[in-house]
Amino acid sequence: MGLRSNGLSLEIAGRPVSGRPVTGRPQRPAGPYLLGIPALLLTSLLLVPIVITVVAAFRLPDGSFGFSNFAVMGDPAALHAVRNSVAWVAVAIALVVVGFLLAVVSYRLPGLSSFLQPALVIPFAVSVLVSGATFRLIFDSAPERGTVTAVWSSLFGTSPVWLGPGLFWLVLVSAFGWTWLGYVVSLFRAGLDAIPDDVSRTIAAEGLTGLRRWRALELPLLRPITGVITLTLVVAAVRVFDLVLIVVPGPMQHDADVLGLNWWRATTTGDDSGRTAALGVVLFAIVAAVAVIGVRGLRRRRWAMPVSVVPADSTLRRPKPSKRVRRIGWTAGFAVSLFWILPAVVLVATALHSPREAGLRGWWSLDGLGLSSFDAAASIGLLRSLLSTVLISSVATVVLLVVAVPTAYLVAWGGLPTSLGRVVTSVFVVLAVTPVQMYAAPLRDAIDAAGLTGSRIALGLVHAAAGLPFAVLLLRSAFASAPPMLVAEALQGPARQSAVLATVQRTYRPAVIAVAVLEFVLVWNDFIVGFLISGAGTTPLSLVLWGEARQFSASSGTVAAAAVVASVVPAVLMLTFWRTVVRGLTIGSRP
């Protein structure tokens, strides 16, 4: 057969077609798929126990399958726990609204966040257990010890028992809000700062102000960040566990019961394993249902502000506020910062009193000042628990980074078929909101059977597996938001996949740093995973702190000293890398 075009003649010799016809799709290289094998092995630490729990929930004592185990939800105590868990979800959503309003105020009053930002970061860095211990000190029912009680008594002559029936909710919600509000405000503020100034000017020129401006500009642009924040806080609220244990006195803990605590009590009292598994499945169903609010944000390939490749025109930036506005912002920021940092001052001042004086008098007393509470904390094994926590946190962080970075790249740019990519992303979304109760019991049994009870390395691997889903989702969004031009140039180069990986890692390093810092701090502050899974010998800081807090009235000075020591490392890490962490979480926004 001959072809002629533009004076060029070609002769092609045909031959019979042999073999079966094949589709015209290009072959996908198998090499990138190898990047996902470590993640598959690590997530199996969660997936297998979750499957065992689900099967146990539906398996009846006679070996058949049915829904009889879920009759446990007819128990009044279980129903009470479900209502409390749903109430915590409402608290989380209210906190998102409050945090958004504060972020808007700080955006309108530049200078407000100059003092307020560090004050908001410190509570987020400390563990919920430390927050609970701090607010239990503040709301102590004795006016000679409790700050709020002393102020209330001086103003009104008498004071209610803050840790009594009904009022302990005020203490719980205060501690929860103190911990999470800084996270909410910082992310919303980063999103507001990332809105292009020329867009704001256009909206203003069209006469849209107040609520109309919120609906037309800020709410739509902040919707992805709002989804992520809502998801994070809702999951944290449903997982409330250690806060109730340390704040609410033992005789009233049943009133404050949540579903996670109800599950733990059922396992410790020898209740039927099928019924406890059913409780875990119900808890997971609640978390998954409410987390749908934020899933849309995580599913977007680009759920935050894109990186600005071209520098913004300086003439289009927001005009600087007047001196009067800046002065108002600084004054308000300084006043709010002093109020917000007060719980941390109470904790440190209590730790600087002797154990005896800390149990008798408030933090403002000058009697018994010294470091004897730190000596008492050292005598309960604080140094050993510090070293143990450093090892567990380091192992979990290193393993997480080694596994999460290539996996996120595989999902974002590795060439997975679209349907497979959606399945993988959905699995990680489900695992990210799965409560510990869904895999704790089978995993603990497996660790015991393998002779690894009390192994710090095993606990570190469990932490890495638990943190992997959120890390992959965050890094995937960061990688997927890479400028298409850079990725296209890398794909056309000789190194191809390695060049793409190097490009997205270089461009979105803040997300990698955010994952590392958050994983280290979260593992350092963890209580529930260590409490439910680890055995004697791991001794992380949170377990030592909780053990001493069980006699809170007699050991408040020792508890405060241990809490201060436990909070130093995460607080320094957060204060040092907070801007980078926020940039990584919002992927390109500039706080």
Side-chain angles (χ1 to χ4, degrees), residues 28-53 231 235 284 288 291 295 298-299 301 303 392-436 438-439 442-443 446-447 457-482 497-498 500-502 504-505 508-509 511-520 522-523 526 529 533 584-585 587:
R28 297 180 185 276
Y33 287 79
L34 300 178
L35 298 175
I37 292 179
L40 182 62
L41 295 175
L42 193 59
T43 52
S44 64
L45 288 178
L46 306 182
L47 289 172
V48 174
I50 288 173
V51 172
I52 292 175
T53 299
L231 174 65
V235 172
F284 170 65
V295 164
L298 287 176
R299 279 181 176 170
R301 289 176 65 84
W303 49 270
I392 296 170
S393 303
S394 301
V395 168
T397 304
V398 171
V399 172
L400 180 74
L401 287 178
V402 169
V403 176
V405 170
T407 305
Y409 165 75
L410 173 64
V411 178
W413 296 107
L416 287 180
T418 305
S419 57
L420 180 58
R422 288 176 179 172
V423 170
V424 172
T425 303
S426 299
V427 170
F428 280 123
V429 169
V430 171
L431 289 177
V433 300
T434 301
V436 182
M438 279 294 289
Y439 52 82
L443 192 54
I447 290 176
I457 302 297
L459 185 58
L461 289 176
V462 173
H463 276 297
L468 183 65
F470 183 77
V472 170
L473 292 172
L474 177 64
L475 292 172
R476 165 189 167 274
S477 296
F479 289 170
S481 298
Q497 298 288 356
S498 59
V500 178
L501 182 59
V504 295
Q505 281 185 322
Y508 291 93
R509 196 168 296 168
V512 178
I513 295 175
V515 166
V517 172
L518 288 177
E519 174 69 6
F520 190 91
L522 290 176
V523 176
D526 170 75
V529 174
I533 294 177
L585 288 172
I587 312 178

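Just so you know, residue 1 is the first one in the sequence shown, and it goes up from there.
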Return the minimal non-hydrogen interatomic distance between [X] and [Y], and the atom names on each side.
X      : Y      : answer
Ala396 : Glu519 : CB-OE2, 3.7 Å
Leu474 : Gly584 : CD1-O, 3.7 Å
Leu45  : Leu443 : O-CD1, 3.7 Å
Ala471 : Ala404 : CB-CB, 4.1 Å
Leu473 : Thr425 : CD2-CG2, 4.0 Å
Pro442 : Tyr439 : CD-O, 3.7 Å

**OP:** Assess whether side-chain contact (heavy atoms from CB on, under 4.5 Å) is satisfied between Val424 and Leu410, documenting all intermediate values.
**Re:** CA-CA 10 Å; Val424 172; Leu410 173 64; over 6 Å; no

For the residue pair [X] and [Y], establish whether any side-chain heavy-atom pair is separated by less than 4.5 Å.
X      : Y      : value
Ile457 : Ile392 : no
Leu46  : Thr434 : no
Leu468 : Leu431 : no
Thr397 : Val523 : no

**OP:** For the pair Thr407 (side chain) and Gly36 (backbone), establish whether a donor and an acceptor sit closer than 3.5 Å, ignoring hydrogens and angles.
**Re:**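 Answer holds: no.
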
Interatomic distance, [X] atom [atom1] to [Y] atom [atom2] [nearest 0.5 angstrom]:
X      : Y      : atom1 : atom2 : value
Thr43  : Leu47  : OG1   : CG    : 4.5 Å
Phe428 : Arg476 : CZ    : CZ    : 10.5 Å
Ile37  : Leu42  : CD1   : CG    : 13.5 Å
Leu40  : Leu35  : CG    : CG    : 13.0 Å

**OP:** Take Ile50 and Phe284 through the side-chain contact (heavy atoms from CB on, under 4.5 Å) test and state the conclusion after the steps.
**Re:** CA-CA 10 Å; Ile50 288 173; Phe284 170 65; over 6 Å; no

